[in-house]
Each structure stands twice: as C-alpha cells, then as structure tokens.
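Working notes for the structure below.
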Amino acid sequence: MNSKTEKLLATLPIPTTDGVFMAHYSARGLAGLVFPSAHNQNKSSIATKTLVSAQGRRWHAVATKALNRALTGRVPKSLPPLDLSSGTAFQQRVWNALCRIASGETRSYTEIATAIGQRTAARAVGGACGANPVPVFVPCHRVLAANLRLGGFSGGLDWKRKLLAREGIRFSK
DNA sequence: AAGTATCCATTTA
DNA sequence: TAAATGGATACTT
C-alpha cells in the first residue's frame, strides 16, 4: 500500500446486469472499482450522494455508461479519468501497459514484464495486476499465463472467465 | 503431468 | 531487515 493515497471524495453504486459495483472517486478521478458482493449490494450509499460535486457526477455518469458497455462486450466510448496515484511506480508502469492492450487481445505476464523492461519480472507483474484498483477499465483480465492458460484473478476467476468470454477471447484450461 | 528452481515487488513479522 | 507471499515460468524428471 501507499501512505500518500489520495483521499476519497465519494463512493457511488453502479448498477449493472451483473450486480451493483461500487465506484470510489478521488479529486483526480475514478480511484477504485469494486465487484458486486453481498457487502455492497445492500449497503446504502445515499449519504454520500448529496456530497458529490458536479464534476464527480459527470465522472460517475461516464463511468456508469462505460462499465455497462464493457460488461456487454462493447468498447466504452469514453472513460472517466482514472486516478492510479495510489500505486507504486512499478505498479503504475504495469497498469499503464495493461491499458494498451486492445479489447479482444491478450498478453501473457511475461509479455507485460518485457514491455516495461523487466523480462524476468512476470511474477511481480502478477502481483501488480492483483493490486489494480480499477478492474475492467484497467484490463487486468486480458493478461493470461503462458500458453493462454487462465492463471489467476484476485477478484475471482469466474469474473475473469466472464469478462474474457464477453470480449470474445478464447483461452485454454 | 508433476516436481523443482528461480523470478521480483510487496507485505508482514 | 528477514521471511513469506503471490493472478509466473522454464526446466527437469
């Protein structure tokens, strides 16, 4: 973790056909996205709603639309600004590399490692992927292990399979 | 198809 | 600081 993490301004729900995601916003943009869970399904977030700035509402509108598009296998027309300042330098390099993977494409952990100039750091790349605060938009799910094996996924392998399937990506095992 | 050795940033003790 | 821990890989049975 990082001590100079940007303070969160609001947490808003994003309803989708797959459940209610939770979006965390900082002053810089979307700083976190959480998969639906029993925890946030019932949780009322109405309290924070009235505190959101006009800019925050705008970001949230964009994020909501983008997430719903992404979950239905379409490419989002536009994304809200992402605040990845909470990550270490290494993690930000990895996340940045992930954002360059086009929808429908995949890379291996080694390829990402090579892309950021550390061919042997595949394992560390895996760690950075797991630390990704904004899944889906930062496409950590498009990273497969060597030979297109599935590998792992912090947010649950079911999600990884589902996201890949909706982008028309094929993988083995 | 399993085991083993080595990889590297982060976390935890 | 040192040891443990992952969304790994490549090499060796």
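Order of the sequence lines fixes the chain letters, A, B, ..., with proteins taken first and strands second; residue numbering starts at 1 for each chain. We use all heavy atoms of the structure for the numbers below, so side chains are in, but hydrogens, waters and symmetry mates are not. Since we're looking at a predicted model, the values are computed, not measured.
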Listing for DNA chain C: consecutive Watson-Crick or G-U pair runs of at least 3, distance cutoff 3.5 Å, ranges ordered by first number, gives B:1-6 with C:8-13, B:8-13 with C:1-6
Applied to residues 117-141 of chain A, the side-chain hydrogen bond (donor to acceptor under 3.5 Å, both in side chains) test, sequence neighbours excluded, yields H141(A)-E167(A)
The correct set of residues in residues 135-166 of chain A placing a heavy atom under 4.0 Å from DNA chain B is none
Exam field: side chain H60(A) to backbone P13(A), donor-acceptor pair closer than 3.5 Å
yes
**OP:** Please confirm whether F153(A) and W159(A) have ring centers closer than 6.0 angstrom.
**Re:** no
Distance-only, no hydrogens or angles: does the R142(A) side chain make a donor-acceptor pair with backbone N or O of I101(A) under 3.5 Å? yes
- Any donor-acceptor pair under 3.5 Å linking the side chain of N68(A) with the backbone of T64(A)? yes
Shortest non-hydrogen pair, V52(A) vs A10(A), comes out as CG2-CB, 3.7 Å
Check: S108(A) side chain, L144(A) main-chain N or O, donor-acceptor pair, under 3.5 Å: no
The side-chain hydrogen bond (donor to acceptor under 3.5 Å, both in side chains) partners of R149(A) (sequence neighbours excluded) come to none
Check your understanding: Counting N and O atoms only, with roles assigned by atom type, does the side chain of R166(A) sit under 3.5 Å from a partner on the main chain of L71(A), one being a donor and the other an acceptor?
Key -> yes
From the list K162(A), K160(A), R161(A), side chain to side chain contact (heavy atoms under 4.5 Å, CB included) with D158(A) holds only for R161(A)
In numerical order, the residues of residues 106-128 of chain A whose heavy atoms come under 4.0 Å of DNA chain B are Q118(A), T120(A), A121(A), R123(A), A124(A)
Bounded by its outermost nucleotides with an atom under 4.0 Å from a heavy atom of chain A, the footprint on DNA chain C reads dG6(C) to dT9(C)
*Checking W95(A) side chain against A128(A) main chain: does a donor-acceptor pair fall under 3.5 Å?*
yes
Nearest heavy-atom contact between T110(A) and A122(A) is OG1-CB, 3.8 Å
*Taking atom C1' in both dC7(B) and dG6(C), what distance in whole Å separates the two?*
12 Å
